[in-house]
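This report refers to the structure that appears directly beneath it.
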Amino acid sequence: MALRELVNKIVPIKEDFSIKSLLGFKKTPLNILVSFMIIGLLLLLVWGLTQYLIHGHHAYNVTREHPWGLLISGYIFFVGTSTGLCVIASFGHVFGIKEFNHIGKRTTLLAIITLLPGFIIILSEIGHPVTMMIYNILTPGTTSAIWWMGTLYGLVLTFIILEFGFALRGDHKWAVRFGIGGLIADISAFTTLGSVFAYLVARPIANGPFIPLYFLLTAIVAGAFFMFMIYGFKHKLNFPEEVEVTLVKLAKILGLLLVVTMFFEWWRMMTAIYGGMPERADTMMKIIGTSSFWIEMLFAWAIPFVIILVSKGKAIKALFFAAIPALISIFLMRNDMVHFAQMAPMQMLKTKEYQLAPTWIEYFPSSVEWAIAVGALGVCFLLYYVAEKAFDLDEEAHH
Amino acid sequence: MEVEISRRKFLQGTVAMSVVGATVATNLLSNEHGSSHGATKGHAPSSITTKTSTGEAVEVATLCEMCVNKCAALARIEDGVVTKLNPNPAFPKSRNMLCARGNAGLQALYDPDRLKYPMIRVGEKGEGKFKRVTWDEAYKAILNGTDKFPGMAKILDEEKDNRSSFLFCAGEGMAEHTFKTFYGAFGSANWLNHATLCLQTVVSGYGVTIGAYAPADLENAEYIIMAGANRAEAIVTPDTMDGFKRTKGRGAKLICIDPRFTHTAAKSDKWLAIKPGTDLALVLALTHVVLTEDLYDKKYVAKYFNGFEEYKNSVLTNKYTPQWAEKITGIKAKEIYEMAREFMAHAPKAVYYPGRRSTFSNNDFQLRRAMAIFQALGGGIDTKGGLVFGKKLKLGAHEVIEPMYAQAESSLGSSWVNWRNDFVDNKQDYKVRGMFIYKHNPMLNMPNPTKTAQMLKKMELVVAIDTMPSDTVMYADVVLPECTYLERTDPVKTFGGVEPSIAQRNKVIDPMFDTKPVIDIMRGLTNEITKPLWEITKKYDEDAQEAIEEDGEEETFAEFDMRIPFKNSQEEINHHMVASVYGEEAAHHLHKHGVFYPDMGTDFKQLGANKFQYYPENKKAYSVRGGKPKTPSGKIECNIPNLAKKGTDPMPVWRDEYNYTVPDGKFRMLTGRHAQFTQSGTANNAMLHDLIFENYIWINKRIAEKRGIKFGDTVEVSSRTGKITIKAYPTEKIGPEQVFFVHGFGEESEALTWAYKNGGNDNAVIEDIVENVYGSASLHETNVEIRKV
Amino acid sequence: MARYGMALDYKNCINCKACEVACKEENGVLLGADKHRIWVGQNEMSGVWPNLDISHAAFMPSQCQHCDNAPCQEVCPTNATYYDENGVVRVNADQCILCSYCMNACPYDARYVDDRTMTVDKCTFCSDTRLARGETTTACQNTCPTKVRIFGDLDDPNSEISELLRTREHFSLKSHLGTKPKLFYLT
């Protein structure tokens with residue numbers, strides 16, 4: 001009880017919060033299914049991490065030519081979604097869009113619980129995380145996008161946790177201050193993550209300003225879809241008016257972002273192909289030829305956009321159903337982005353007589369990589385459930 | 001995911017060769033052999049490759065034995081482990097280089113599959129079941145046999161001291177000399193080595209025509225025709241190093257003539273695809289152009305040719321025109337004219353490269369004769385930029401004995417394939433019942449291994465001396481493990497040429513496990529067998545009996561005492577052979593630096609990071625006889641009537657049966673080399689295996705496509721001899737009617753971790769066809785069928 | 001303090017792979033196809049037999065280019081990749097966190113993961129083996145049969161390599177990326 005009081009002094013916890021309350025959910029078939037799913041995902045994650053601890057990078061299918069795999073994409077997916085949520089959380093208090101005020105606390109929480117699985121994944125991707133912590137400080141590589149990205153995400157986590165804490169305490173002044181800090185740090189961090197690829201001069205398909213900007217846009221898109229998914233589940237599609245107003249507004253913003261992103265994507269495609277520059281045009285043509293590209297186009301952009309366009313943003317139930325495939329498509333999209341950047345080999349000659357000349361580099365994640373990247377979702381859901389039980393996440397309407 | 005396997009772990013995991021008996025050492029890596037001659041006691045490193053350290057190290061000058069070239073190496077030893085082999089710059093022949101194989105010599109030394117101790121057979125022949133024994137037990141088993149096989153004493157007694165009832169066969173190598181000394185002392189007439197599976201026809205063809213198989217001065221030649229030789233892949237020093245630094249428009253024009261687009265073709269200025277086995281027609285047509293256009297060196301021909309008019313007459317009346325040759329060879333007449341004219345324009349600094357390779361076609365001997373004559377027509381004999389006889393430095397003698405045994409029958413022939421087939425088919429005049437095999441792998445190295453297996457099974461006593469458990473060793477009754485070349489000093493050798501020198505293989509570390517150098521094995525063996533076998537000689541040899549009556553037994557026995565050549569160590573013998581001619585200082589220099597030649601101290605200089613001077617230009621032996629051929633007559637022999645008596649054409653002529661034909665749907669089987677493998681001897685080398693995992697069969701891309709064969713597909717290759725399976729490599733580097741795969745793969749010995757059933761064995765499909773002059777195996781006369789499986 | 005570079009008389013190269021083996025044996029590089037510091041590249045022959053493009057048949061020895069402006073160094077978050085006092089691009093294994101960014105950033109595929117330390121490894125110009133012992137050649141240069149490689153100090157106007165680069169035409173790989181490679185291919 002002493003611990004509880006101590007925590008309560010920092011942030012208010014719901015009075016009925018206990019282990020018992022955690023297990024005391026209504027045993028509806030859906031709830032049982034969800035709980036089993038969470039346990040399943042967590043077991044998957046534990047198995048994957050164990051394999052990683054035993055075999056190290058040998059457990060992954062990454063190679064000399066394709067050193068980054070599913071874990072990098074998983075990381076980008078989670079932290080990107082988190083950035084999007086962080087931006088949406090600030091719509092209310094930071095940008096003064098009143099309809100978003102009441103979702104601020106919950107959305108900030110969502111940003112935290114999507115950021116943490118991202119960190120779990122990246123720590124299992126980095127070969128030597130402890131060395132990283134030491135030498136990031138001792139011998140900082142200030143010309144390295146990864147160093148800045150890592151440092152910024154450290155700040156992001158600090159800021160949004162503080163923001164969330166102050167929000168729980170009802171200290172809106174400090175919550176907003178840290179909110180602004182978090183927002184700036186987060187946008188910087190995620191676009192810096194984009195620059196990790198954008199700085200690669202040897203890889204024309206990734207090099208240039210496109211990826212950081214694209215990251216920013218798609219982060220908010222992913223965040224919005226995540227909001228639809230969470231609120232859809234929370235209210236079982238029976239949205240209170242207050243929430244409905246917010247989600248319709250969000251849908252409109254989403255619609256705008258989808259249009260902008262599609263223009264971005266279009267011109268990137270055209271400028272990459274036009275002129276036939278090697279390693280850029282051929283890679284782009286190869287990208288257009290993949291099924292995952294079209295899945296992404298259809299489920300992440302076209303379908304949601306049509307729904308928003310036709311209903312003028314009011315079909316928020318339909319958007320809930322569109323959000324889940326859209327998020328899966330965005331996950332695919334992150335994976336494609338990482339893979340496509342590495343697809344063109346840097347060395348085009350045969351090094352042995354009895355081999356075919358190098359062509360596009362192939363990569364398919366190992367089971368361990370899948371387990372960690374997908375299993376991390378379990379952490380996200382578990383934390384959300386615990387937080388929902390522990391904290392009061394809805395802000396008073398009278399604010 | 002390639003994970004490093006420690007050597008020790010590897011050993012535990014691979015006891016493929018079943019060793020029966022309780023005497024298996026608990027620690028197979030322990031060195032049970034005492035240290036001698038101050039060499040370092042060795043042990044195996046803990047991983048396959050070892051990073052060289054910056055700490056203390058010993059350096060020993062030695063000679064490589066990964067192939068036949070004997071390049072000079074400097075072995076680096078750190079704490080008993082040989083960590084690196086570096087080139088020894090002091091040797092003019094190898095010009096400061098070690099190839100991939102030379103560098104991978106460490107893996108031969110530390111091969112976990114090495115033969116580690118003497119063994120005798122306890123299972124069925126060929127089954128690979130052996131028992132570990134001591135050296136004494138092994139020698140005794142050779143003399144007295146076991147319940148599984150008869151000993152030498154029994155065989156010789158039953159054959160009434162016919163020493164030729166034992167066959168001796170050896171692979172190429174410096175210690176082959178020591179083994180051959182044993183053969184001489186033993187008194188058999190049956191000796192088989194690689195010659196008739198290798199370069200017999202080229203050596204003899206040049207020998208009878210210009211008096212020597214002379215090296216080519218590729219360092220100074222301006223025009224080189226390299227036909228059927230692949231110097232970029234079948235490395236010969238110094239030709240490989242000299243040959244490719246000035247090609248591609250940089251001073252020497254290289255024309256590569258080969259059915260396949262080899263690495264040599266890639267480095268040449270022009271590649272002409274020729275139909276296999278038709279080179280003779282090409283050379284005759286080149287000769288025709290030279291004769292009709294009067295392009296030859298008239299002074300040289302007048303002075304040094306025998307039978308020129310007859311040959312000219314033969315070439316002209318047979319109308320060996322380029323147009324005629326185009327139909328046979330597939331090379332355009334225009335190209336032939338151009339080649340002949342360019343060659344003669346550059347002569348005598350022009351080389352029709354003699355090559356150093358196996359016999360490919362039945363006309364090979366005549367081809368070599370025609371090549372030698374064509375070379376001589378340009379006057380490029382014994383001259384800078386042409387073929388050079390060079391000089392050879394003298395060496396002192398060492399004691400050998402070659403007693404005459406009255407009961408010993410004469411030789412049953414020197415053609416390996418013929419000898420084997422006659423033996424298996426019971427066509428020999430007397431019984432041969434035992435054989436000694438030294439560093440030789442007839443199961444892999446000659447066509448038709450089924451017949452070789454029959455031979456080895458039929459042979460009552462087979463003694464194999466080797467470093468590796470090869471396919472052949474599996475058929476042995478007694479296995480005597482030789483140490484590798486890095487663990488022994490071999491007979492000192494003199495290397496002739498433009499820049500002659502003497503070089504010596506020095507022991508780098510003491511023999512590991514229970515292995516020995518050949519000279520020690522011979523000493524031990526002769527100590528065991530000499531006296532008992534002498535008793536048999538006394539019983540049957542009338543000449544010996546007479547001599548005993550006249551001179552007494554002791555004096556007579558001294559002539560038959562097989563122990564004599566082996567009583568001194570190799571180090572002592574070498575020292576004597578050098579010191580007796582060049583003095584003590586020279587012998588010490590040779591031991592320390594691996595190489596010696598007079599005036600080395602002043603003449604050997606480093607000119608740049610990659611460049612050394614061995615002899616100053618004015619001391620190089622480009623011309624030692626003023627161009628005079630080395631034949632007994634001192635003339636180029638165009639016409640040799642004696643050959644006709646042996647049923648061979650006295651002058652090179654084309655015969656219709658030489659024409660290249662392949663039945664529809666079949667392929668001409670070609671074999672050859674890559675620069676990373678030396679026959680089967682390197683098949684189990686971990687490092688080289690890493691460079692080429694397995695051999696693939698080259699098949700023309702368009703033909704492969706028609707047959708639905710893709711890269712990496714397994715195909716079955718079959719002929720009358722047998723069939724193998726191998727992966728396919730569709731490529732345009734080979735013509736539509738031919739297939740090729742590199743020799744040295746597809747071993748069947750389970751004791752070889754990397755080589756076992758790895759890739760395909762060319763000899764398992766090559767038919768045992770021999771040419772008629774020397775009975776050399778003609779390796780490119782087989783047509784095969786290909787089927788996707 | 002030198003500035004080491006290497007000139008490659010690549011037309012001499014016969015693709016015998018002596019350099020690859022010498023490198024592995026000298027530096028204790030693990031076996032395995034993708035564990036190479038240096039390699040010799042070849043084209044699959046183009047053309048149709050017997051009319052093959054012999055002009056397309058050159059063998060290209062390659063390795064880390066020891067760029068003066070190395071992308072791998074620029075992207076390293078912990079400065080594990082550094083230029084040593086001789087301008088050689090090196091990796092300090094103790095500082096390497098295996099983020100693999102350098103492997104992605106290298107335009108030459110010159111980096112790989114060493115399975116023992118699980119850190120990124122690459123060509124060192126034999127700095128910690130041969131050069132550290134006072135030798136003046138790399139293992140690959142020393143062993144090469146046709147003497148393709150010339151290693152030396154680019155800052156020393158009297159060095160063999162400087163002389164060669166002054167007098168012989170040469171090119172570098174992907175120099176348009178601004179990497180300033182210190183490997184020079186002599187034509």
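Letters go in sequence order (proteins before strands), and every chain restarts at 1. Hydrogens, waters and symmetry mates play no part in the numbers below; they use all other heavy atoms, side chains included.
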Legend entry - C:S100 side chain to C:R111 side chain, donor-acceptor N/O pair below 3.5 angstrom: no
Inset, instruction - Against chain A, label C:C99 side chain, backbone, both or neither, depending on which of its atoms sit under 4.5 Å from a heavy atom there. - result: both
Inset, instruction - Can you tell which part of C:V113 gets under 4.5 Å to a heavy atom of chain A, answering side chain, backbone, both or neither? - result: neither
Legend entry - Main-chain N/O of C:D155 paired with C:D153 side-chain donor or acceptor, under 3.5 Å: yes
Legend entry - Within 45° cone of C:F125 ring axis and under 6.0 Å: C:R130 NZ or CZ: no
Inset, instruction - Using a cut-off of under 4.5 Å on heavy-atom pairs, state which of A:T139, A:T151, A:T142 scores highest against chain C. - result: A:T139
Legend entry - Residue C:H176 versus chain A: region with a heavy atom under 4.5 Å: neither
Legend entry - Which atoms of A:V130 approach chain C - backbone, side chain, both or neither, heavy atom under 4.5 Å: neither
Inset, instruction - State plainly whether the residues C:E44 and A:K350 are in salt-bridge range, i.e. N to O under 4.0 Å. - result: yes
Inset, instruction - Pick one of side chain, backbone, both or neither for A:I126, based on which atoms fall under 4.5 Å of a heavy atom in chain C. - result: both
Inset, instruction - Report the distance from atom CZ of C:R37 to atom SG of C:C64, rounding to the nearest 0.5 Å. - result: 10.5 Å
Legend entry - Whether C:Y4 and C:F151 hold their rings parallel, tilted or perpendicular, with breakpoints at 30° and 60°: tilted
Inset, instruction - Please state whether the side chain, the backbone, both or neither of C:A80 comes within less than 4.5 Å of a heavy atom of chain A. - result: neither
Inset, instruction - Look at C:P77, C:C106, C:P71 and state which one has the largest set of heavy-atom pairs under 4.5 Å with chain A. - result: C:P77
Inset, instruction - Give, as side chain, backbone, both or neither, the part of A:T63 having an atom under 4.5 angstrom from any heavy atom of chain C. - result: backbone
Inset, instruction - Please indicate whether C:W39 has more than 12 foreign heavy atoms, meaning atoms of other residues, nucleotides or ligands, lying under 6.0 Å from its CH2. - result: yes
Inset, instruction - Give a yes-or-no answer on whether the side chains of C:Y108 and C:T179 include a donor-acceptor pair shorter than 3.5 Å. - result: yes
Inset, instruction - Output the option from C:N104, C:V120, C:N79 having the highest count of non-hydrogen pairs under 4.5 Å with chain A. - result: C:N104
Legend entry - Most contacts with chain C, counted as non-hydrogen pairs under 4.5 angstrom, among A:G141, A:A145, A:G56, A:P129: A:G141
